[in-house]
Amino acid sequence: MKPINQAQISFSSNSVNEGFGRAAVAAFLAQLDPTIADLADMRTAVSEAVTNAIVHGYREKLGTVYICVKIFENGKAVVRVRDKGCGIPDVKQAMEPLFTTGGQERAGLGFAVMQSFCDSVRVTSTVGRGTSVTLTKRFEPKE
């Protein structure tokens, strides 16, 4: 199925840009006329994915975070957040609640949060080449 609309953005992996990524995706998805709760869910999931790219993907160096968002006729939105950072050696382990490579100040709940707010979360990663997180959510029309 082809998307009816799509957008792509990229930005430096400075932590202050996390809010930009979240807001840009929310603004694009607003055309679906989502409920406030559904939009907040996707904002949170995108925030977690972008934060993971910044904190874990690039660790102590700067890189680029890439976001592609697509909207389909049936109200389905697909948001892909990608980095070209260090990659994840064991995706299954990384997706376990409380697992983190970010030190004691990190809770290790990013993927669990994404999964709780989206219909599906797919993670692909190659060590030394980066990670891609694909978030899918169907937005029901308001009644």
Side-chain angles (χ1 to χ4, degrees), residues 1-102 106-143:
M1 182 183 317
K2 288 180 63 174
I4 59 171
N5 202 0
Q6 64 184 7
Q8 295 181 35
I9 59 171
S10 61
F11 49 89
S12 176
S13 65
N14 292 304
S15 63
V16 296
N17 289 337
E18 176 273 326
F20 167 71
R22 175 184 64 223
V25 170
F28 189 79
L29 294 178
Q31 66 191 283
L32 290 170
D33 195 25
T35 64
I36 291 171
D38 279 345
L39 192 57
D41 287 353
M42 189 56 103
R43 285 172 56 99
T44 301
V46 169
S47 178
E48 291 293 334
V50 170
T51 297
N52 277 359
I54 292 169
V55 172
H56 303 291
Y58 291 114
R59 299 196 179 148
E60 300 298 320
K61 66 179 186 171
L62 283 180
T64 303
V65 177
Y66 305 87
I67 299 178
C68 178
V69 58
K70 296 179 181 181
I71 294 175
F72 296 86
E73 266 185 28
N74 61 0
K76 180 174 82 169
V78 177
V79 179
R80 184 172 154 217
V81 178
R82 186 172 57 89
D83 66 66
K84 293 182 180 178
C86 65
I88 302 171
D90 185 340
V91 171
K92 184 177 177 182
Q93 180 186 35
M95 293 184 75
E96 290 177 10
L98 305 179
F99 178 83
T100 184
T101 59
R106 299 286 170 187
L109 295 173
F111 287 123
V113 168
M114 289 179 236
Q115 289 172 321
S116 70
F117 289 136
C118 295
D119 297 328
S120 71
V121 176
R122 190 180 83 229
V123 180
T124 58
S125 190
T126 302
V127 173
R129 299 205 50 197
T131 300
S132 177
V133 176
T134 304
L135 309 168
T136 303
K137 184 172 182 69
R138 187 168 187 283
F139 291 86
E140 298 291 335
K142 288 187 206 174
E143 294 185 7

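Reckoned from all heavy atoms, side chains included, excluding hydrogens, waters and symmetry mates.
Listed for the S125 side chain is a donor-acceptor partner under 3.5 Å among the backbone atoms of G130. Of the possible donor and acceptor atoms, none in the side chain of Y58 sits under 3.5 Å from a partner among the backbone N and O of A53. Side-chain atoms of S47 never come within 3.5 Å of backbone atoms of R43 as a donor-acceptor pair (strictly under, hydrogens ignored). The backbone N or O of R138 lies less than 3.5 Å from a partner atom in the side chain of D119, making a donor-acceptor pair. Judged by distance alone, the side chain of E48 and the main-chain N or O of A45 form no donor-acceptor pair under 3.5 Å. A donor-acceptor distance shorter than 3.5 angstrom exists from the side chain of K137 to the backbone of F117, with no hydrogens or angles considered.
V133 and A49 make their closest contact through CG1-CB, 4.3 Å (heavy atoms, listed as atom of the first residue, atom of the second, distance). Across all non-hydrogen atoms, the minimal contact from F72 to M1 is CE2-O, 3.3 Å. In plain terms, the two heavy atoms of T64 and S10 that are nearest each other are CG2-CB, 3.8 Å.
Each of I54, V65, L62 was compared with N14 under the side-chain contact (heavy atoms from CB on, under 4.5 Å) criterion, and only L62 meets it. Only one option out of V46, N52, V81, V123 pairs with M114 in a side-chain contact (heavy atoms from CB on, under 4.5 Å); it is N52.
Considering CD1 of I4 and CD1 of I71, their distance stands at 6.5 Å, rounded to 0.5 Å. Here R59 contributes atom CZ and S13 contributes atom OG; the two are 13.0 Å apart, rounded to the nearest 0.5 Å. Once rounded to the nearest 0.5 Å, the distance linking CG of L29 with CG of L32 reads 6.0 Å. Summarising the geometry, atom OG1 belonging to T44 is positioned 8.0 Å from atom CZ belonging to R22; distances are rounded to the nearest 0.5 Å. For the atom pair Q8 CD and R82 CZ, the distance stands at 8.5 Å (nearest 0.5 Å). If you take CG on L135 and CZ on R122, they are separated by 10.5 Å, rounding to the nearest 0.5 Å.
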For a side-chain contact (heavy atoms from CB on, under 4.5 Å) check, start with the C-alpha distance between D33 and F139, then their side-chain angles and the critical distance, and finish with the verdict. CA-CA 9 Å; D33 195 25; F139 291 86; over 6 Å; no

Could you walk me through whether F20 and I9 pass side-chain contact (heavy atoms from CB on, under 4.5 Å), step by step? CA-CA 10 Å; F20 167 71; I9 59 171; 4.0 Å; yes

What verdict does the side-chain contact (heavy atoms from CB on, under 4.5 Å) test give for F28 and V79, after you've listed the backbone C-alpha separation in whole Å, the side-chain angles of each residue and the deciding distance to 0.1 Å? CA-CA 11 Å; F28 189 79; V79 179; over 6 Å; no

Can T136 and K76 be said to form a side-chain contact (heavy atoms from CB on, under 4.5 Å), step by step? CA-CA 7 Å; T136 303; K76 180 174 82 169; 3.7 Å; yes

